[in-house]
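As structure tokens, the structure follows; a few thoughts come after it.
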Amino acid sequence: MTGWFNTKKLSVFVVMTLAALNLAACGDSTESTQPTPLISKMTAAISAAPSPTFRSAATSQPAPTTSAGATTSTTVIPTTAALTTTSVATQNASNSAGNAQEQARKVAAAMEQVQSYKINITNTAGEKFEQIYVAPSSIYSAKTDSSGKKHFIIELEDQYFESEDGVKWQKSQFPSGELTKDFISLSLKLGGQITGGADQDFEGRKVGQLVYDFSKATGFATLGKGKVLYDKTTFLIIQEENETTNSSQTRSSVISYKDYNNPNNKIEPPKL
């Protein structure tokens, strides 16, 4: 998931999946007119949240240190006075939670190093998105809604363009904020709960799994919950799932990542 997080305004622009794929769950009536996740704005819960509710990863977990793609993490395991049956179970649970946080920090660090990728997104509203990301903040997005109507966006550093046919383009207002590429990185920033899941079989190989849940993250519950599958060697995300519920309506999205750091991932300025 890629999103724009602004610590000063406490707002999130979800570039891929956070809200625009789950418009009904955001509680923002303007979302129905927004063409793509690139400019989806999480105003309902986030803008109203006072600054003390914001929790970055550093407030609850040691921040990862990266160097040339390497990641180091520290897991804190509480000590117990006596290893009774209860305390052993408690410590095992703590170990498991600590391991999930460690894996999450490795995933976030790996995604931070990525220079480019492509994603395909589908949701239960019948929408489809094809997107390209190129570091540090360039994005191409093509959306097809359930009726077959298309909308395109190109975001190049400080320029933002929209098109209804991919041929005729016009400049639009540029969203501001800090880029967040996925739900795990966002969970670490906003205090979403992260737990480990059993390894999964994915296209003939074993992949790691992390489960995230924003339901107890004060001010950010509308971000929903889901799971992330990641490569156990590179820690790059393979697939994300997200589910949000608003007014008893549930919407789900599946986000597939591919073509990491492919030199063919290019975004050119459109001809106006």
Side-chain angles (χ1 to χ4, degrees), residues 1-6 12-22 36-38 40 42 46 55-57 61 63-64 66 69 71 73 100-123 129-141 155 175 177-197 200 202 207-214 217 220 222-244 252-262 265:
M1 157 268 94
T2 304
W4 295 101
F5 181 73
N6 189 313
V12 172
F13 286 87
V14 177
V15 177
M16 297 176 356
T17 65
L18 283 184
L21 296 182
N22 303 308
T36 169
L38 284 171
S40 178
M42 305 290 292
I46 298 173
R55 292 191 292 141
S56 67
Q61 294 293 333
T66 60
T71 305
S73 304
Q101 290 291 319
E102 181 180 4
Q103 300 305 303
R105 290 193 295 273
K106 288 181 178 180
V107 168
M111 293 299 293
E112 182 65 23
Q113 299 298 318
V114 169
Q115 294 302 302
S116 70
Y117 56 74
K118 294 180 180 179
I119 55 172
N120 291 323
I121 311 166
T122 59
N123 64 26
F129 297 82
E130 296 180 0
Q131 297 187 342
I132 301 173
Y133 163 79
V134 177
S137 58
S138 295
I139 300 161
Y140 166 85
S141 178
E155 187 173 316
E178 175 187 348
L179 183 66
T180 300
K181 300 176 182 176
D182 58 275
F183 277 108
I184 295 303
S185 298
L186 199 66
S187 295
L188 290 172
K189 288 182 178 182
L190 303 184
Q193 181 181 11
I194 300 175
T195 56
Q200 301 289 302
F202 186 87
V207 299
Q209 179 182 195
L210 290 169
V211 178
Y212 65 89
D213 187 348
F214 286 92
F220 301 99
T222 54
L223 295 179
K225 61 183 179 180
K227 66 180 181 180
V228 173
L229 302 181
Y230 63 92
D231 186 285
K232 298 181 69 175
T233 301
T234 65
F235 290 95
L236 293 175
I237 292 175
I238 300 169
Q239 182 174 283
E240 291 183 327
E241 295 181 11
N242 177 251
E243 178 181 289
T244 55
S252 301
S253 305
V254 176
I255 308 99
S256 300
Y257 292 69
K258 63 181 181 178
D259 293 341
Y260 281 106
N261 299 327
N262 189 318
N265 294 340

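Residue numbers start at 1 and run along the sequence shown.
Without hydrogens or angle criteria, N265 side chain to D259 main chain gives a donor-acceptor distance under 3.5 Å. Counting only distance, with no hydrogens or angles, the side chain of Y133 and the backbone of P136 share a donor-acceptor pair below 3.5 Å. Listed for the D231 side chain is a donor-acceptor partner under 3.5 Å among the backbone atoms of T234. Between the side chain of Y260 and the backbone N or O of I237 there is at least one donor-acceptor pair closer than 3.5 Å.
Looking at K258 and N120, their side chains come closer than 4.5 Å, going by heavy atoms from C-beta outward.
Note that the OG atom of S116 and the CG atom of N262 stand 6.5 Å from one another [nearest 0.5 Å]. Taken from CD in E241 to OH in Y212, the straight-line distance is 8.5 Å, to the nearest 0.5 Å. Taken from NZ in K225 to CG in D213, the straight-line distance is 6.5 Å, to the nearest 0.5 Å. Separating the NZ atom in K227 from the CD atom in E243 is a distance of 11.5 Å, to the nearest 0.5 Å. Atom OG of S185 is separated from atom CG of L190 by 10.5 Å, given to the nearest 0.5 angstrom.
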What do the steps show when you test Q101 against L188 for side-chain contact (heavy atoms from CB on, under 4.5 Å), and what is the final call?
CA-CA 9 Å; Q101 290 291 319; L188 290 172; 3.7 Å; yes

Residues Y230, Q103; criterion side-chain contact (heavy atoms from CB on, under 4.5 Å); working and verdict:
CA-CA 10 Å; Y230 63 92; Q103 300 305 303; 3.5 Å; yes

Determine, stepwise, if the pair M111 / L236 fulfils side-chain contact (heavy atoms from CB on, under 4.5 Å).
CA-CA 6 Å; M111 293 299 293; L236 293 175; 4.0 Å; yes

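Closest of all the heavy-atom pairs between A110 and F235 is CB-O, 3.7 Å. Between L210 and A100, the shortest heavy-atom distance links the atoms CD2-O, 3.8 Å. Contact between N242 and L223 at its shortest, heavy atoms only, is ND2-O, 3.1 Å. When all heavy atoms are compared, the tightest approach of F129 to S141 is CD2-OG, 4.2 Å. Residues L229 and F202 share a closest heavy-atom pair of CD1-CD1, 3.8 Å. The two residues K232 and G208 come nearest to each other via the heavy atoms CG-N, 3.3 Å.
Remark: of the listed residues Q131, E130, E240, Q131 is the sole one forming a side chain to side chain contact (heavy atoms under 4.5 Å, CB included) with I121.
Between Y117 and Y257, a ring centre-to-centre spacing shorter than 6.0 Å is recorded.
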